[in-house]
Amino acid sequence: MSAPIEDYALLSDLEAAAMVGRDGAIDWLCLPRFDSPACLAALLGTENNGFWRIAPVSGGPCTRRAYRPDTLILDSVWQTATGTVRVTDFMPPRAGLPCLVRVIEGLSGSVTVRSELRLRFHQGRVVPWVRDVGHCSVAVAGPDAVWLGGDTPERVEGGEEATSRYFTVPAGRRMALTLVWSPSHRPSPPEPLSIPAETALKETGDFWRRWSGQCQYEGPWRDAVVRSLITLKALTYAPTGGIVAAPTTSLPGTIGGKRNWDDRFCRLRDSTRTLSCLLRSGYREEATAWLDWLVRALAGDPADLQTVYGVKGQRLLPETEAPWLPGYEGSQPVRFGVSGVRSFQLDVYGEVIDTLWHSLRAGIAMPAHVWDLVEALMGFLQRHWRQPDLGPWQVRGPRKQFVHSKVMAWVAADRALRMGRLLGRNGSSGEWRAMREEAHRQVCREGWDAAQGSFVQSYGSSALDASGLLIPRLGFLPARDERVRGTVRAMRGLGHGGFMRRYGQGRRGASDGMPGHEGTFVSCSLWYADALAATGRPQEAREAFERVLAIRNDVGLLAEQWDPDAGRQLGNAPKALSHIALVETAFALSPA
């Protein structure tokens with residue numbers, strides 16, 4: 001059996017990420033980028049697909065673990081019959097080649113520890129050639145090389161299948177192992193192996209504490225907010241400013257099912273909330289970098305706008321399956337890449353223009369050609385906004401007249417008009433105003449179900465959709481409007497165990513074209529808390545928020561979904577949107 005998703009903690013150097021379990025095993029590592037092929041992939045298979053475990057030879061999960069305050073440095077402690085040992089894991093922010101450092105320290109008594117490294121390149125498939133070079137070992141396969149060095153007085157066993165090092169750690173003794181990726185054509189040990197682990201540890205801690213110290217949130221949930229912001233920073237690809245939706249792929253929404261997607265890319269659907277979260281929290285530099293990534297990625301014909309882009313803004317993200325990986329708890333297929341990146345989803349046009357408007361309002365400098373981009377997007381949207389699309393959740397069924405898509409068409413026109421007024425560009429204001437008014441009338445007429453007293457998922461349906469909770473936040477209707485209050489009341493129909501599903505089944509159905517069910521969505525549960533607060537129900541809002549806080553794992557991380565019946569996290573983890581929504585809700589509920 002795989003370890004529960006909530007057993008994993010995140011490590012990142014702002015360009016790549018690793019997932020480390022409570023048993024001391026790093027079961028997921030993609031190098032040199034978030035979206036590179038995995039060289040440790042036991043998370044989606046077995047130990048034969050690659051892992052690196054450092055733990056007492058007695059085995060078992062650690063006794064306790066925690067991130068050091070305001071950092072992404074993880075301490076895991078084992079108390080054994082012979083003594084206590086701590087393993088400190090971190091990835092120094094990238095200065096050259098990516099590296100992962102593991103410091104082992106004896107706290108009491110004496111503990112025998114084993115480091116077992118089994119590398120499998122190309123998504124956990126290719127067994128590398130391993131050789132010794134001086135005091136290091138290097139594993140090579142194709143373009144990739146991974147070097148391992150350290151100061152452990154070891155007894156080494158193994159070969160190409162796995163390399164094990166055994167060493168005894170008495171109280172007060174510290175030693176370290178460092179793993180470094182480099183292109184395989186480089187013949188000599190890479191520079192990070194020569195940097196003392198203590199130096200790297202201090203510099204990494206200083207970096208994260210300086211960054212966390214910029215947080216402007218001072219409300220009652222500061223620790224949770226700072227941890228979520230650190231997570232969001234950890235999912236940022238520093239060279240471009242792009243933020244991946246999650247560092248993992250194919251962690252299932254249904255155990256044993258097919259709802260398995262690759263989230264190691266940047267999704268436009270979350271762009272406005274990402275920017276707003278960063279700006280409110282005091283991270284203007286990161287917000288500006290995200291905006292710059294967005295504008296570069298969108299360059300081209302508005303008709304070619306994608307829903308998902310790579311961390312460098314790349315458009316080609318071909319989806320493949322990995323049949324050699326059995327999947328997390330047998331959940332297949334395991335997918336790498338994204339299909340349907342050009343699926344027709346109207347809401348992304350509104351998301352982009354809303355993001356540009358928020359940036360302009362915040363005083364972020366915008367190049368002159370950005371207005372040309374707004375005009376091009378609006379020109380396309382004017383011609384196509386009345387058409388059915390696949391909706392905000394990219395359903396696998398037929399296109400429909402999704403209510404949220406039409407609301408976002410209204411948002412696009414509204415924000416474009418606001419930007420035009422601010423910039424003195426009013427050439428198309430009459431046409432855009434007419435579109436805004438028509439979209440508003442249409443949604444209020446066709447998207448409203450009088451029998452339920454609620455907005456619904458699509459025209460003619462009675463199915464509810466959690467995206468309706470965003471109507472007051474987007475400014476489509478004020479929170480005091482009875483239609484908003486009715487929608488929030490009706491959303492209890494999406495509730496399960498105190499959390500919210502994305503959508504439900506109405507009288508005429510709301511099939512998403514996929515077999516099986518899924519868990520409740522963390523972000524939707526937080527949107528519900530926001531909407532409760534906006535409609536004058538602060539105590540219920542606080543209770544809904546604190547239910548979400550209670551399902552974070554022991555180091556404060558949230559996956560995409562939560563299964564209230566099994567009491568476990570589901571979906572890719574940690575999920576950027578879940579942590580963005582947590583920060584936004586904390587601001588919404590805090591007195592200041």
Side-chain angles (χ1 to χ4, degrees), residues 5-6 221 224-225 227-229 231-232 235 243-248 251 253 259 261 263 265-278 280-281 307-308 345 347-348 350-351 354-355 391-395 404 407-408 457 464-474 487-488 491 494-504 512 518-534 541 544-553 556-564 569-589:
I5 291 171
E6 55 268 27
W221 302 288
V225 167
R227 179 53 51 196
S228 288
L229 289 167
T231 304
L232 189 59
L235 299 180
I243 301 173
V244 297
T248 56
L251 293 181
R259 296 173 179 266
W261 317 113
D263 269 341
F265 307 102
C266 309
R267 298 186 178 274
L268 296 193
R269 186 191 68 198
D270 310 332
S271 61
T272 305
R273 287 178 282 278
T274 302
L275 184 95
S276 174
C277 171
L278 292 169
R280 310 181 67 163
S281 304
T307 58
V308 183
Q345 290 178 258
D347 63 303
V348 297
E351 287 282 3
D354 196 22
T355 302
W393 308 116
Q394 195 177 348
V395 298
H404 184 70
V407 169
M408 293 309 296
Q457 184 179 61
L464 298 172
D465 192 301
S467 60
L469 294 165
L470 299 174
I471 284 176
R473 180 191 288 187
L474 293 167
T487 299
V488 175
M491 289 296 169
L494 295 181
H496 179 55
F499 300 88
M500 301 294 290
R501 297 187 178 95
R502 289 190 294 175
Y503 40 74
D512 60 9
E518 60 185 11
T520 61
F521 267 63
V522 173
S523 55
C524 297
S525 302
L526 291 163
W527 296 350
Y528 184 58
D530 288 359
L532 287 171
F545 181 51
E546 291 183 344
R547 277 195 296 272
V548 172
L549 293 181
I551 65 169
R552 295 175 300 153
N553 74 356
L557 301 182
L558 288 163
E560 179 181 57
Q561 301 176 43
W562 174 254
D563 183 343
Q569 295 187 9
L570 293 173
N572 285 313
K575 184 74 170 181
L577 184 58
S578 298
H579 287 280
I580 289 166
L582 186 153
V583 174
E584 292 275 89
T585 302
F587 271 104
L589 301 188

(message) Please determine whether side-chain contact (heavy atoms from CB on, under 4.5 Å) holds for the pair Leu268 and Val308, giving the CA-CA distance in whole Å, both sets of side-chain angles, and the decisive distance to 0.1 Å.
(response) CA-CA 6 Å; Leu268 296 193; Val308 183; over 6 Å; no
(request) Determine yes or no for a side-chain-to-main-chain donor-acceptor pair under 3.5 angstrom, with Gln561 supplying the side chain and Phe521 the backbone. (result) no
(message) Measuring from atom CZ of Arg269 to atom OG1 of Thr274, what distance do you get when rounded to the nearest 0.5 angstrom?
(response) 10.0 Å
(message) Treating Ser276 as the side-chain partner and Arg273 as the backbone partner, does any N or O pair qualify as donor plus acceptor under 3.5 Å?
(response) no
(message) For a quick test of reading the model, state the closest non-hydrogen atom pair linking Ala588 to Asp530 and the distance between them.
(response) CB-OD1, 4.0 Å
(request) Classify the ring geometry between Trp562 and Phe499 as parallel (under 30°), tilted (30 to 60°) or perpendicular (over 60°). (result) tilted
(message) Please find the pair of heavy atoms, one from Ala533 and one from Leu589, that lie closest to each other, and give the distance.
(response) CB-CD2, 3.4 Å
(request) Measure across Val583 and Ser281 and return the closest heavy-atom pair with its distance rounded to 0.1 Å. (result) CG1-OG, 3.5 Å
(message) Just verifying a value: how many Å separate Trp527 CH2 and Glu584 CD, rounded to the nearest 0.5 Å?
(response) 11.5 Å
(message) Is the shortest side-chain heavy-atom distance between Leu464 and Tyr503 below 4.5 Å?
(response) no
(message) In the structure I gave you, are the side-chain heavy atoms of Arg267 and Val244 within less than 4.5 Å of one another anywhere?
(response) no
(request) Mind running side-chain contact (heavy atoms from CB on, under 4.5 Å) on Leu494 and Tyr528 for me, showing each step along the way? (result) CA-CA 10 Å; Leu494 295 181; Tyr528 184 58; over 6 Å; no
(request) Flag the pair Asp270 / Ile243 as yes when at least one side-chain heavy-atom distance between them is below 4.5 Å, and no otherwise. (result) no
(message) To the nearest 0.5 Å, what is the distance between CG on Leu232 and SG on Cys277?
(response) 5.5 Å
(message) Between Arg552 and Glu6, is the salt bridge (charged side-chain N to carboxylate O under 4.0 Å, His left out) condition met? List the steps.
(response) CA-CA 8 Å; Arg552 295 175 300 153; Glu6 55 268 27; over 6 Å; no
(message) I'd like to know whether Lys575 forms a salt bridge (charged side-chain N to carboxylate O under 4.0 Å, His left out) with Asp263, so could you lay out the CA-CA distance, the side-chain angles of the two residues, the decisive distance to 0.1 Å, and finally the verdict.
(response) CA-CA 9 Å; Lys575 184 74 170 181; Asp263 269 341; 2.7 Å; yes
(request) Kindly compute the distance separating CG (Leu470) from NE2 (His404), expressed to the nearest 0.5 Å. (result) 6.0 Å
(message) Treating Gln569 as the side-chain partner and Ile5 as the backbone partner, does any N or O pair qualify as donor plus acceptor under 3.5 Å?
(response) no
(message) Measuring from atom CD of Glu560 to atom CG of Leu577, what distance do you get when rounded to the nearest 0.5 angstrom?
(response) 8.0 Å
(message) For a quick test of reading the model, state the closest non-hydrogen atom pair linking Ala586 to Val225 and the distance between them.
(response) CB-CG2, 3.5 Å
(request) For Thr355 and Thr272, run side chain to side chain donor-acceptor pair (under 3.5 Å): C-alpha distance rounded to whole Å, both residues' side-chain angles, the deciding distance at 0.1 Å, then the answer. (result) CA-CA 5 Å; Thr355 302; Thr272 305; 2.9 Å; yes
(request) Ignoring hydrogens and angles, tell me if any N or O in the side chain of Ser578 forms a donor-acceptor pair with the backbone of Ala559 under 3.5 Å. (result) yes
(request) Taking all heavy atoms of Trp393 and all of Cys524, pick out the closest pair and write down the distance. (result) CH2-SG, 3.9 Å
(request) Nearest 0.5 Å please: distance from the CZ atom of Arg280 over to the CG atom of Leu229. (result) 11.5 Å
(message) If we count only N and O atoms by modelled type, under 3.5 Å, do the side chains of Asp465 and Gln457 hold a donor and an acceptor together?
(response) yes
(request) Examine distances only and state if a side-chain atom of His496 and a backbone atom of Thr520 form a donor-acceptor pair shorter than 3.5 Å. (result) no
(message) I want to check something: taking the side chain as every heavy atom from C-beta on, are Leu558 and Pro574 in contact at a cut-off of under 4.5 Å?
(response) no
(request) Give the C-alpha distance, both sets of side-chain angles, the deciding distance and a yes or no for salt bridge (charged side-chain N to carboxylate O under 4.0 Å, His left out) between Arg501 and Glu518. (result) CA-CA 8 Å; Arg501 297 187 178 95; Glu518 60 185 11; over 6 Å; no
(request) Check the pair Thr487, Leu469 against side-chain contact (heavy atoms from CB on, under 4.5 Å), reporting the backbone distance first and the verdict last. (result) CA-CA 7 Å; Thr487 299; Leu469 294 165; 5.5 Å; no
(request) Report yes or no: does Thr248 contribute a side-chain atom to a donor-acceptor pair with the main-chain N or O of Ala573 at less than 3.5 Å? (result) yes
(request) Please confirm whether the backbone N or O of Leu557 pairs with a side-chain atom of Asn553, one donor and one acceptor, at under 3.5 Å? (result) yes
(message) How close do Gly497 and Pro564 get, counting heavy atoms only, and between which atoms?
(response) CA-CB, 4.0 Å
(request) Step by step, work out the side-chain contact (heavy atoms from CB on, under 4.5 Å) result for Phe545 and Leu526. (result) CA-CA 6 Å; Phe545 181 51; Leu526 291 163; 3.5 Å; yes
